[in-house]
Protein chains: 2
Amino acid sequence: MPKLAAPTPAQIKKAKAILACAPPPQTEDIDPRLEPLVNDLIGRVADKWTVIVMEVLTENGEMRFTRLAEKVTGISQKMLTKTVRVMERDGLLVRTVHPVVPPHVDYKLTPLGLSLSAAFCGVWIWAAENIEQVEKSRRVFDKNAAK
Amino acid sequence: MPKLAAPTPAQIKKAKAILACAPPPQTEDIDPRLEPLVNDLIGRVADKWTVIVMEVLTENGEMRFTRLAEKVTGISQKMLTKTVRVMERDGLLVRTVHPVVPPHVDYKLTPLGLSLSAAFCGVWIWAAENIEQVEKSRRVFDKNAAK
DNA sequence: CGGGATCCCACTGGATACTG
DNA sequence: CAGTATCCAGTGGGATCCCG
């Protein structure tokens with residue numbers, strides 16, 4: 001870990017789309033009226049806990065609430081509940097309640113969620129590759145600020 | 001817009017790295033001790049305003065504070081100040097202060113910031129492509145919740 | 001017993017006014 | 001113009017309670 005998302009066909013397709021976006025010297029615009037909506041969606045999805053929950057679910061497949069809470073280090077159970085609710089609403093995961101005693105709820109990414117997870121693949125790579133450089137920047141910045 | 005990041009050499013390199021991550025049937029692990037650190041970095045960088053500021057700066061190059069504030073729709077000046085400070089600390093952008101009488105401060109992504117912006121390229125594509133499906137999911141969810 | 005709803009509190013983010 | 005300072009509403013965390 002971060003184990004990169006298990007490469008499903010959907011991920012491969014996505015990755016190719018990602019590659020396709022870079023080489024051309026120019027990119028095509030999107031309907032301008034869509035812009036604020038896309039911005040909002042990015043804002044929604046570029047959320048710390050959402051990204052980490054996605055990563056954990058991509059790696060482990062279907063998981064129960066408590067397992068999820070163990071893996072998503074540092075999250076409170078309240079935030080986890082809220083995060084998975086919103087993700088469910090957005091169609092990123094499905095929540096399956098088994099009416100047994102003790103309760104048993106499974107969380108699993110949908111194809112849409114998997115595709116978003118794949119889209120984040122590049123960000124995981126970036127983080128793994130550049131963590132040292134970021135920490136170095138921080139040390140320099142803090143040293144200058146201290147004086 | 002979202003105009004995809006202007007494709008710099010760094011972005012092309014990144015995009016290829018992204019593509020490289022998907023096709024292999026298995027992915028290599030990273031030093032496990034690094035995992036929480038990478039998680040933290042993702043959490044830091046997967047921030048609504050950070051992502052949008054990066055996008056705007058990628059699209060427009062060097063920008064002044066007020067111009068930035070105009071383009072980053074919905075942000076408060078306080079959050080913008082804080083966001084660019086943290087981004088500067090992390091080495092994602094440089095802040096150039098010109099000591100003139102109306103103050104003049106320019107913000108510009110560093111190569112590190114540009115590489116992160118490129119890494120987010122896939123997420124922008126995903127958002128543009130799937131916005132309809134997300135909104136549909138929300139309508140269905142809200143309808144079911146209402147009953 | 002696990003999932004999650006509630007209460008309380010600290011902190012964050014937004015709006016506004018003010019300064020170098 | 002580019003912040004900083006102030007005030008206030010809303011959000012997130014911790015602990016607790018509850019229901020199946």
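Within every chain, numbering begins at 1; the chains are lettered A, B, ... in the order of the sequence lines, protein sequences first and strands thereafter.
The backbone N or O of B:Val45 lies less than 3.5 Å from no partner atom in the side chain of B:Thr50, so there is not a single donor-acceptor pair.
Taking atom CZ of residue A:Arg67 and atom C1' of nucleotide C:dG3, one finds them 14 Å apart after rounding to whole Å. Atoms CZ (B:Arg95) and P (D:dC1) sit 17 Å apart, rounded to a whole Å. Rounded to a whole Å, the CE atom of A:Met63 is 11 Å from the P atom of C:dG3. Regarding B:Glu88, its CD atom lies at a distance of 10 Å from the P atom of D:dG3, rounded to whole Å.
Closest approach of B:Val134 to B:Trp126, counting heavy atoms only: CG2-CH2, 3.9 Å.
Within the 4.5 Å cutoff, side-chain heavy atoms of B:Phe120 are placed close to those of B:Met54. Here the side chains of B:Leu68 and B:Lys71 are not in contact, with every heavy-atom distance at 4.5 Å or above. Using a 4.5 Å heavy-atom cutoff, the side chains of B:Leu93 and B:Lys108 are not in contact.
Counting non-hydrogen atoms under 4.0 angstrom, A:Val105 reaches the backbone sugars and phosphates but no base. B:Arg85 comes within 4.0 angstrom of sugar-phosphate atoms only, judged by non-hydrogen atoms across all strands, and of no base.
Between A:Asp47 and B:Lys48 there is no salt bridge, since no side-chain N of the basic residue sits under 4.0 Å from a carboxylate O of the acidic one. A salt bridge is absent between B:Asp106 and B:Arg64; no separation between the charged side-chain nitrogens and carboxylate oxygens falls under 4.0 Å.
For residues 41-98 of chain A, the set of pairs meeting the ring pair (Phe, Tyr, Trp, His ring centres under 6.0 Å) definition, not counting sequence neighbours, comprises A:His98-A:His104.
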- [ ] Encode nucleotides 8-14 of chain C as B, S and - characters from 5' to 3', where the letter depends on protein heavy atoms closer than 4.0 Å: B to the base, S only to sugar-phosphate, - to neither.
- [x] -----BB
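An end-to-end axis angle of 40° holds for the helix from C:dC1-D:dG20 to C:dG20-D:dC1, taken from five base pairs per end and rounded to 10°.
Side-chain proximity of B:Arg64 to D:dC1, C:dG2, D:dT4: nearest is D:dC1.
In this structure, B:Tyr107 and A:Val100 both approach DNA chain D, and ranking their closest nucleotides by distance from the 5' end singles out B:Tyr107. Nearest-nucleotide mapping onto DNA chain C: of B:Pro103 and B:Gln77, the residue sitting toward the 5' end is B:Gln77.
Partner of A:Asn39 under the side-chain contact (heavy atoms from CB on, under 4.5 Å) criterion, chosen from B:Val56, B:Val51, B:Ile52: B:Ile52.
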